[in-house]
Amino acid sequence: MSVSGPAPERAAVASPASRLAALAGTALPRPPVKPLYQLSLLLVTLFCVLVPVIYFALVLGVGWLLLHYYTAVAPGLGQVRGIALLLAWVVPGFVGGVVLAFMLKPLFAPRPKAPPPLLLDPEQEREFVTAVHALCGVIGVRPPSSILLGNDVNAWVQFDDGWRGWLGGRRRLSIGLPLVVGMSARQLVGVLAHEFGHFAQGTGMRCAYLINSVNRWLESRAYHPDAWDERLQHWRAQSQDLYTVLITGTASVCLWLVRLLMRGLFQLSFRASQRLSQEMEFDADRYEALVAGSSCFRTTALQLRGLAHAFHDADQRNALAWREGKLAADLPAAVHARLQALEPASWRALAEALEQDAETRYWDSHPADHARIANAEALAAPGLFLDERPAAQLFADFPALSRQVTERYYRDMGLEYSPQQLVDAGSMLVINQLAPEAEAIWKRYSNGLVGEQPLLDPAAATRLPWRALGWQETVDQLRQCSPEVVLAWPRLQRRAQRRRELALWVALLDHDIGFRLPSGAEPDGITLRTEYGQVTAADTPDLRIVDNALALFARRLAHAVEALPGQTQVVAHRYLALLQALATLGPEQTALADQREVIASLAGNADGEGGILDAARQRARQHRQAMERWLERAQQVEVEGAGQNLAQLLLARCPRASRADADDIAYAQALAPLEDALAHLYRTSLAELSVLAEGAEREAGIRPIRLWQPTAEPA
């Protein structure tokens, strides 16, 4: 760890961890006890604990009814004969047995084991551990028994080893390293003070543990179908026998009624407890303000939003890199790089969202940020720890810890990779990204008028009515339609996402494969097919809006290219020719990409041999045949400057394709990067062409389009 300045001065500067450790012996005042709050907490805890009692009473009730039927009712059916007698004995037993089995399943069904956490070595990070213990002393709580490291933008303290920790008071601290890379030491220590502040509440945390355990259990029973549910659904869908359909259908209805009851119990328990959770957050915020200072609370809240944004973006880009066989060697470093690259406009948007978060609903677990900030700032606390150096300096060897966390994260996801596939954060983040200068010019020149689907067709510039427009007239018309076009593109993007979601469900329906929607509801084939037809329609108001804008933009580019001198015009025509080829080939590739998504989903959900796997293989075979025909056409398109044709250029981004051999499913999955590569080539060609076109417009004195910022539209 180094600090600028001469050697003697560096030796004299205390590290952030040692400064925090120096607070040992300081004690914060405890807040006054609120008898009414304590009473409310105990009453809500008692209510939440009684909810499972209602559930088990229901189980006993079903068991008693089943026993009563076979001991008192069924023996009296002696006059019933034939099939009716068989059904009278079989149906209640089967339905009652299935319902009882499903209701008792949480008691004996094995729970998935969480991957082992990465433990911080207290010897290697002795100074940091000492500092954490000092912070616990300041707050007045027992130090954690262990410190865990993860890959989340979060930090939390929980009881160690479940119920044994709850009884003994042992707890452990978990810290997400992406949180550390984006914060100052002051901010991170404030966050840790907040988490330890929860445990200063003593009885409140024990009650919260009970309440949350009950709520998690109820929520899993109410909203999460599992393999048993799917097997019953499969029997019902595959059976051709009327009696089997009747029996399994009756069992499904009974289970649906049980889930409906569980959802009601969950909502009662959940909503009754959330108001108390808000009070606990306010109390924990008080400790954060007292330790890090009230003035730091707002900046920490904003930084958390920025980190969440950067983490999401870095995670998405890492997923894209993995499609090409690459992974970030250090994920926290990638998050930090994305945070550093956030533009002022993005920070302004995050700050506005923070200010607008002013409404706290009754069932929210956390109060609105606006209220929390006001509450913390009202304390006017000067703070005990004000070190603004990077939080990473709290650790002796943060880069090594960061790489270990990244490796553990990949291992937990089951990714198999070699060290050669790991790339630095900078290399990972620039995949499919424009050069900064070209991106800035493209944003300024396009003004948000050009998206990725549908593609710009240069030939539209020669069609009526656009070919009759003059240069300035074309730009003026683009300026006029900017507001509605800029808002139409996000709607089309959401439409495309919905189209891919529906494509999978329709494929399952086509192959008569039973499934449930994410909500747990039964799929309605007519409704899903109707909506799929709507999202795949070629003529919608939004498509008409963007098609007109794209044609105007093509005309604008045509005017600019005509005004370019000599060799520069030749280069521009090459870009136009490539864009024309992409416009011709692009729609079919979009359809093929949708098929790849369906194949990947089917293959990922296939359990050995069976209907789903057969469906995936059938579709993968069709996809491969169509893809090979598409690549033959792409081979006819030369990409100037690349020394390759379009097919070669795109396949170079799909390193796994050559290893797929005769496996059609593997071939489809190996070509996943092709869609990204095609989109990147399209953006790059447009951006490079816009650099030339903007210069031509400036030379010709054309009034450009002033940037227009749309008001956020609800999704």
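Computed over heavy atoms, backbone and side chain alike; hydrogens, waters and symmetry mates excluded.
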Quick check for you: to the nearest 0.5 Å, what is the distance between [X] atom [atom1] and [Y] atom [atom2]?
{"X": "Leu148", "Y": "Leu119", "atom1": "CG", "atom2": "CG", "result": "5.5 Å"}
{"X": "Leu354", "Y": "Ile373", "atom1": "CG", "atom2": "CD1", "result": "4.0 Å"}
{"X": "Phe196", "Y": "Leu173", "atom1": "CZ", "atom2": "CG", "result": "4.5 Å"}
{"X": "Asp121", "Y": "Phe128", "atom1": "CG", "atom2": "CZ", "result": "13.5 Å"}
{"X": "Arg338", "Y": "Asp315", "atom1": "CZ", "atom2": "CG", "result": "12.5 Å"}

Check whether any side-chain N or O of [X] sits under 3.5 Å from a backbone N or O of [Y] as a donor-acceptor pair, and report yes or no.
{"X": "Arg323", "Y": "Ala672", "result": "yes"}
{"X": "Thr300", "Y": "Cys296", "result": "yes"}
{"X": "Glu125", "Y": "Asp397", "result": "yes"}
{"X": "Arg186", "Y": "Ala292", "result": "yes"}
{"X": "Gln187", "Y": "Ser184", "result": "yes"}
{"X": "Gln393", "Y": "Pro16", "result": "no"}
{"X": "Ser145", "Y": "Arg172", "result": "no"}
{"X": "Gln316", "Y": "Asp313", "result": "no"}

- Item | Ion pair check, Glu288 and Arg372, cut-off under 4.0 Å | no

- Message: Just to verify, what does Tyr409 make a ring pair (Phe, Tyr, Trp, His ring centres under 6.0 Å) with, not counting sequence neighbours?
- Response: none

Any [X] side-chain heavy atom under 4.5 Å of [Y] side chain:
{"X": "Val157", "Y": "His198", "result": "no"}
{"X": "Leu304", "Y": "Leu179", "result": "yes"}
{"X": "Leu135", "Y": "Leu23", "result": "no"}

- Message: Quick check on Glu437: does its CD atom have over 12 non-hydrogen neighbours (other residues, nucleotides or ligands) under 6.0 Å away?
- Response: no

State whether a side-chain donor-acceptor pair under 3.5 Å links [X] with [Y].
{"X": "His680", "Y": "Gln433", "result": "no"}
{"X": "Tyr410", "Y": "Asn318", "result": "yes"}
{"X": "His370", "Y": "Gln356", "result": "no"}

- Message: Ring of Trp156, cation from Arg171 - is the NZ or CZ under 6.0 Å from the centre and inside 45° of the axis?
- Response: no

- Task: Please name the residue in the list Leu331, Val335, Val181 that meets the side-chain contact (heavy atoms from CB on, under 4.5 Å) test with Phe311.
- Result: Val335

- Query: Hey, what's the ring geometry for Phe395 with Phe398, parallel, tilted or perpendicular (30° and 60° as the breaks)?
  - Reply: tilted

